[in-house]
Student: 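Attaching a single structure in structure tokens format; questions to follow.
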Amino acid sequence: MKVAYLGPRGSFCSVVAEYAFPTDKRCAYDSIIEVIEAYEQSCCDFALIPIENSTEGSVTMSIDKLFHDSKADVVAEFTLPISQNLLGHASKQPLELIYSHPQALAQTRNYLRAHYPYAQVQVMPSTSAAAEFVQQHPERPIAAVANYQAAEMFDLEILAENIQDSAQNTTRFWLLGKDKQRFDLPVQGQKVSLALTLPHNLPGALHKAISVFAWRDIDMTKIESRPLKTQLGQYFFVIDVVNNKENQSKIPFAIEELVTLGVQVRVLGDYLVYAVDEV
């Protein structure tokens, strides 16, 4: 099997790909759009994309591209606790520049302000690109925010560990494909993700749509609106619901009721959620 993922090697997405597909062919792409398009063009069997971070919110590019331009199904979800670290070379000089991906810099903003108030931050395409740049300039007082794997890959010292501002910093990744796979990882639960497009002429449409789950005691873990790209003020909604034994018989009837209300429903996926060890 072949899996496409958001690269480069050393990124958090590559870590999940290596855990989930240790013996399969893995192919890195530079953008989420390229990853999904590789799957749509049958260049791979699966596509792995980041979908949400607990501190920074959804990766909107993933949701929008999947909804508007792809028919792929979500066949698995992986959750990865994110550990950010400050990587560099041993030096007595105070740091002048700190490089990383925008999301990593946002996740460590408070730490960097408190401990390196005079250092400027510089955006890089990825955390591993930042680590590689620091490796290539050992004479300069610079550092990178990245994971442990990047430290090993680029032979950098860990100047500070676990500098993320939230101890619960976790990222969700969706695996897109046709067939479900079982993975040798702990299972955290099972969910169904739906994309709902509401009718324009139904008063209280969102309230009524949510109610089909509420009165059936089906737990929703997420609801998010995204633009339909038709005209200003029109949205679709992504809803995640818990698909445990109690809900498995209820969810099809909830979807049926949504359809009778005039709601357009797309089942994005019915999948298991796997936990990946912290790296």
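Note: hydrogens, waters and symmetry copies are ignored here, and every other heavy atom, side chains too, is used. Model, not experiment: these values are computed from the prediction.
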Student: Please report the closest heavy-atom contact between Ala254 and Val212, naming both atoms and the distance.
Tutor: O-CG2, 3.9 Å
Student: Only one of Thr23, Asp179, Asp24 clears side-chain contact (heavy atoms from CB on, under 4.5 Å) with Met1; which?
Tutor: Asp24
Student: Using atom types as modelled and distance alone, determine if a side-chain donor or acceptor of Asn147 lies under 3.5 Å from a backbone N or O of Ala150.
Tutor: yes
Student: Mind checking whether Phe213 and Leu258 have side chains closer than 4.5 Å, heavy atoms only?
Tutor: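 When only atoms from C-beta onward are counted, Leu258 and Phe213 do touch, with a gap below 4.5 Å.
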Student: Shortest non-hydrogen contact from Met124 to Ala129?
Tutor: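 Result for this residue pair: CE-O, 3.7 Å.
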Student: Tell me if a side-chain donor or acceptor on Gln234 pairs with a main-chain N or O of Thr197 at a distance below 3.5 Å.
Tutor: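 Flag not set: sc Gln234 to bb Thr197 has no pair under 3.5 Å.
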Student: Can you tell me how far apart CG (Asn243) and OG1 (Thr221) are? Round to the nearest 0.5 Å.
Tutor: 11.0 Å
Student: If hydrophobic clusters are built from ILVMFWY residues whose side chains come within less than 4.5 Å, do Ile33 and Tyr39 share one?
Tutor: no
Student: Taking the side chain as every heavy atom from C-beta outward, state whether Lys250 and Asp217 have any pair of such atoms under 4.5 Å apart.
Tutor: yes
Student: Going through the distances and angles, do Val134 and Phe154 end up as a side chain to side chain contact (heavy atoms under 4.5 Å, CB included)?
Tutor: CA-CA 9 Å; Val134 171; Phe154 298 107; over 6 Å; no
Student: Heavy-atom distance under 4.5 Å between the side chains of Cys27 and Val3, does that happen here?
Tutor: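 Not in contact.
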Student: Roughly how far apart are Ile51 CD1 and Thr60 OG1, rounded to 0.5 Å?
Tutor: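 So the gap between those two atoms works out to 9.5 Å.
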Student: Side-chain contact test, heavy atoms from C-beta onward, threshold under 4.5 Å: evaluate it for Leu112 versus Ile98 and give yes or no.
Tutor: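 With C-beta onward as the side chain, the pair touches.
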Student: Are any non-hydrogen side-chain atoms of Tyr99 and Glu132 less than 4.5 angstrom apart?
Tutor: no
Student: Taking atom CD as the centre, does Glu246 end up with more than 12 heavy-atom neighbours from other residues, nucleotides or ligands that are less than 6.0 angstrom away?
Tutor: no
Student: Counting distance only, does the side-chain N/O of His89 pair as donor-acceptor with the main-chain N or O of Arg140 below 3.5 Å?
Tutor: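 No: the side chain of His89 does not pair with the backbone of Arg140.
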Student: Quick one: are Ile63 and Val238 in side-chain contact, heavy atoms under 4.5 Å?
Tutor: yes
Student: If the test is side-chain contact (heavy atoms from CB on, under 4.5 Å), which one of Leu268, Leu196, Val192 qualifies with Ile239?
Tutor: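 So the option named by the test is Leu196.
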Student: Kindly say whether Tyr111 contributes a backbone atom to a donor-acceptor pair with the side chain of Thr108 at under 3.5 angstrom?
Tutor: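 No, because the side chain of Thr108 does not come within donor-acceptor range (under 3.5 Å) of the backbone of Tyr111.
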Student: Between CD of Glu139 and CD of Gln93, what distance do you get to the nearest 0.5 Å?
Tutor: 10.0 Å
Student: With a 4.0 Å cut-off, would you call Asp165 and Arg109 a salt bridge?
Tutor: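 Looking at Asp165 and Arg109, the cut-off is not met.
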Student: Taking all atoms of both residues into account, what is the closest heavy-atom pair of Leu66 and Arg266, and its distance?
Tutor: O-NH1, 3.2 Å
Student: Looking just at side-chain N and O atoms, do Ser193 and Tyr271 make a donor-acceptor pair shorter than 3.5 Å?
Tutor: yes
Student: If you compare all heavy atoms of Phe236 against all heavy atoms of Pro227, which two are closest, and at what distance to 0.1 Å?
Tutor: CE2-O, 3.5 Å
Student: For Val187 and Arg182: C-alpha separation, side-chain torsions, deciding distance, then whether side chain to side chain contact (heavy atoms under 4.5 Å, CB included) applies.
Tutor: CA-CA 10 Å; Val187 176; Arg182 292 298 301 229; 4.2 Å; yes
Student: Could you grab the distance from atom OG of Ser126 to atom CZ of Phe12, nearest 0.5 Å is fine?
Tutor: 11.0 Å
Student: Would you check, one step at a time, whether the test side chain to side chain contact (heavy atoms under 4.5 Å, CB included) holds for Ile223 with Leu206?
Tutor: CA-CA 11 Å; Ile223 179 169; Leu206 180 58; 4.0 Å; yes
Student: Could you go step by step and tell me if Phe67 and Arg226 meet the side chain to side chain contact (heavy atoms under 4.5 Å, CB included) rule?
Tutor: CA-CA 10 Å; Phe67 179 80; Arg226 295 299 306 149; over 6 Å; no
Student: Can you measure from CD1 (Ile49) to OG (Ser62) and round to the nearest 0.5 angstrom?
Tutor: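 Nearest 0.5 Å value for the CD1-OG distance: 4.0 Å.
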Student: Test Phe183 against every option in Phe46, Phe173, Phe21, Tyr19 by the ring pair (Phe, Tyr, Trp, His ring centres under 6.0 Å) rule and name the one that passes.
Tutor: Phe21
Student: Group every Ile, Leu, Val, Met, Phe, Trp and Tyr by side-chain heavy-atom contacts under 4.5 Å, then state whether Trp215 and Ile251 land in the same group.
Tutor: no
Student: Could you check whether any side-chain N or O of Glu34 sits under 3.5 Å from a backbone N or O of Tyr29, counting only pairs where one atom can act as donor and the other as acceptor?
Tutor: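 Between the backbone of Tyr29 and the side chain of Glu34 there is no qualifying donor-acceptor contact (under 3.5 Å).
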Student: Is the backbone N or O of Val273 less than 3.5 Å from a side-chain atom of Arg172, with the two atoms forming a donor-acceptor pair by type?
Tutor: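 Answer holds: no.
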Student: Determine whether Asn53 and Gln107 make a side-chain contact, defined as any pair of heavy atoms from C-beta on separated by less than 4.5 Å.
Tutor: yes
Student: Scan residues 114-123 for pairs that pass side chain to side chain donor-acceptor pair (under 3.5 Å), counting only residues two or more places apart or in two chains.
Tutor: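 Applying side chain to side chain donor-acceptor pair (under 3.5 Å) to every pair that reaches into residues 114-123, excluding sequence neighbours, yields nothing.
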Student: Can you see which heavy atom on Ser128 is nearest to which on Pro8, and at what distance?
Tutor: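 Distance-wise, the nearest heavy atoms are OG-CG, 2.8 Å.
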Student: Is there a donor-acceptor contact under 3.5 Å from the side chain of Gln164 to the main chain of Gln84?
Tutor: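 Yes, the answer is positive, given that a donor and an acceptor are paired below the 3.5 Å cut-off.
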Student: Should Asp270 and Gln190 count as side-chain neighbours, where that means a heavy-atom distance under 4.5 Å?
Tutor: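 With C-beta onward as the side chain, the pair touches.
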Student: Determine, using the 4.5 Å side-chain heavy-atom cutoff (strictly less than), whether Ile142 and Leu159 are members of one ILVMFWY cluster.
Tutor: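 Hydrophobic grouping puts Ile142 apart from Leu159.
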Student: Nearest 0.5 Å, please: how far is OG in Ser42 from NZ in Lys178?
Tutor: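 Between atom NZ of Lys178 and atom OG of Ser42 there are 6.0 Å.
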Student: Taking the basic N atoms (NZ, or NE/NH1/NH2) and the acidic carboxylate oxygens, is any pair closer than 4.0 Å for Glu37 and Lys65?
Tutor: yes
Student: Minimum heavy-atom separation for Val35 to Leu48, with atom names?
Tutor: CG1-O, 3.8 Å
